[in-house]
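Below: the structure, in structure tokens.
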Amino acid sequence: MHSFLQQLAIQRWDDHRYYHHSRINQSLHLLSALSFLAAYVTIFKNPAASALIAWLVAMVSRQAGHFFFEPKGYDEVNRASHEHKEDIKVGYNLRRKAVLLAIWALSPAVLWLASAGRAEFVQHMGQIWLAIGFGGLLFRTVQLFFIKDVQTGLVWITKIITDPFHDVKLYFRAPLYLLRGELIDPMTHCRELEESPAVPVA
């Protein structure tokens, strides 16, 4: 259990320090996290509606932050190129995200041909998007079982499921920094820990 929690902390820390420098991206992640939490509550009552919230609000805002606002140049804080960070990404890097988002975006076109009415279309679309979401999680988890190890896969899916809670805690101040005109997180906490072997849990 200690090893599992330690690897979870490492994955969370790497995800933050490598892929969340933009304050706009951080703010969009806050919106995404709150939307995912709403989807988590809704899923017990209306799974299809939960999927619509998760994909149309939470995923769109989250991925817009990564694709359009996160810097793609050399990372001076971590001394790593964008290409290197994409190569070492445990979960979905931008290329893999593009494939997943393409599947999501094209699925309504296929469903439209088979649906009888608007209400049925929306309900079935939510169900399909729910399946795509769970399928994407399970696919990458099992893939990590083979290219890494079982624990890495289980840690990653745990991280993804609990990310909304962690992101609220991590990025709730991001909109305030934006209002002050700070577009890029200086990541001073990363610089201070650069020579330290300790990995923060939050």
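Every heavy atom of this structure was used, including side-chain atoms; hydrogens, water molecules and symmetry mates were not.
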May I ask you to test the [X]-[Y] pair for a side-chain heavy-atom distance under 4.5 Å?
X: Trp129; Y: Leu56; result: yes
X: Leu130; Y: Ile43; result: yes
X: Leu154; Y: Phe4; result: yes
X: Lys148; Y: Trp156; result: no
X: Arg140; Y: Val90; result: no
X: His16; Y: Gln26; result: yes
X: Ile88; Y: Tyr18; result: yes
X: Gln7; Y: Thr158; result: no

Under 4.5 Å between side-chain heavy atoms, counting indirect links through other Ile/Leu/Val/Met/Phe/Trp/Tyr residues: same cluster for [X] and [Y] or not?
X: Leu178; Y: Leu176; value: no
X: Phe165; Y: Met59; value: yes
X: Ile10; Y: Val155; value: no
X: Leu52; Y: Leu106; value: no
X: Val168; Y: Tyr177; value: no

Under 3.5 Å: donor-acceptor pair, side chain of [X], backbone of [Y]:
X: Gln123; Y: Ala48; answer: no
X: Arg96; Y: Gly91; answer: yes
X: Tyr171; Y: Ala33; answer: no
X: Tyr19; Y: Lys85; answer: yes
X: Ser22; Y: Glu70; answer: no
X: Ser61; Y: Val57; answer: yes
X: Ser27; Y: Arg23; answer: yes
X: His20; Y: Asp15; answer: yes

Distance, nearest 0.5 Å, that separates [atom1] of [X] from [atom2] of [Y]:
X: Leu8; Y: Thr152; atom1: CG; atom2: OG1; answer: 11.5 Å
X: Lys72; Y: His21; atom1: NZ; atom2: NE2; answer: 11.5 Å
X: Leu28; Y: Asp167; atom1: CG; atom2: CG; answer: 11.5 Å
X: His82; Y: Asp75; atom1: NE2; atom2: CG; answer: 11.0 Å
X: Ile161; Y: Leu137; atom1: CD1; atom2: CG; answer: 6.5 Å
X: Gln151; Y: Leu144; atom1: CD; atom2: CG; answer: 12.0 Å

Which atom pair, heavy atoms only, marks the closest approach of [X] to [Y]?
X: Phe36; Y: Ala54; answer: CE2-CB, 3.8 Å
X: Pro71; Y: Ile184; answer: CG-CD1, 3.8 Å
X: Tyr40; Y: Pro164; answer: OH-CG, 3.7 Å
X: Val77; Y: Pro186; answer: CG2-O, 4.3 Å
X: Lys97; Y: Gln63; answer: CD-OE1, 3.0 Å
X: Ser107; Y: Ile128; answer: CB-CG2, 4.1 Å

(request) Please step through side-chain contact (heavy atoms from CB on, under 4.5 Å) for the pair Leu100 and Ile132, ending with a clear verdict. (result) CA-CA 8 Å; Leu100 180 63; Ile132 292 174; 4.0 Å; yes

(message) Using the rule given for side-chain contact (heavy atoms from CB on, under 4.5 Å), can you reason through Val99 versus Ile103, listing the C-alpha separation, both sets of side-chain angles and the distance that settles it, and then say yes or no?
(response) CA-CA 6 Å; Val99 173; Ile103 294 172; 4.3 Å; yes

(message) I'd like to know whether His29 forms a ring pair (Phe, Tyr, Trp, His ring centres under 6.0 Å) with His166, so could you lay out the CA-CA distance, the side-chain angles of the two residues, the decisive distance to 0.1 Å, and finally the verdict.
(response) CA-CA 10 Å; His29 270 61; His166 189 254; over 10 Å; no

(message) Less than 3.5 Å apart, any donor N or O on the side chain of Ser35 or Arg62 sitting next to an acceptor on the other?
(response) no

(message) Would Leu94 and Glu86 count as a side-chain contact (heavy atoms from CB on, under 4.5 Å) here? Give the steps.
(response) CA-CA 7 Å; Leu94 293 182; Glu86 286 293 285; 3.2 Å; yes

(request) Step by step, work out the side-chain contact (heavy atoms from CB on, under 4.5 Å) result for Arg12 and Thr162. (result) CA-CA 10 Å; Arg12 280 178 170 164; Thr162 58; 2.6 Å; yes

(message) Is it true that, when you exclude Phe67 itself, more than 12 heavy atoms of the residues, nucleotides or ligands shown sit nearer than 6.0 Å to its CZ?
(response) yes

(message) Counting only heavy atoms not in Phe139 (residues, nucleotides, ligands), do more than 12 fall under 6.0 Å from its CZ?
(response) no

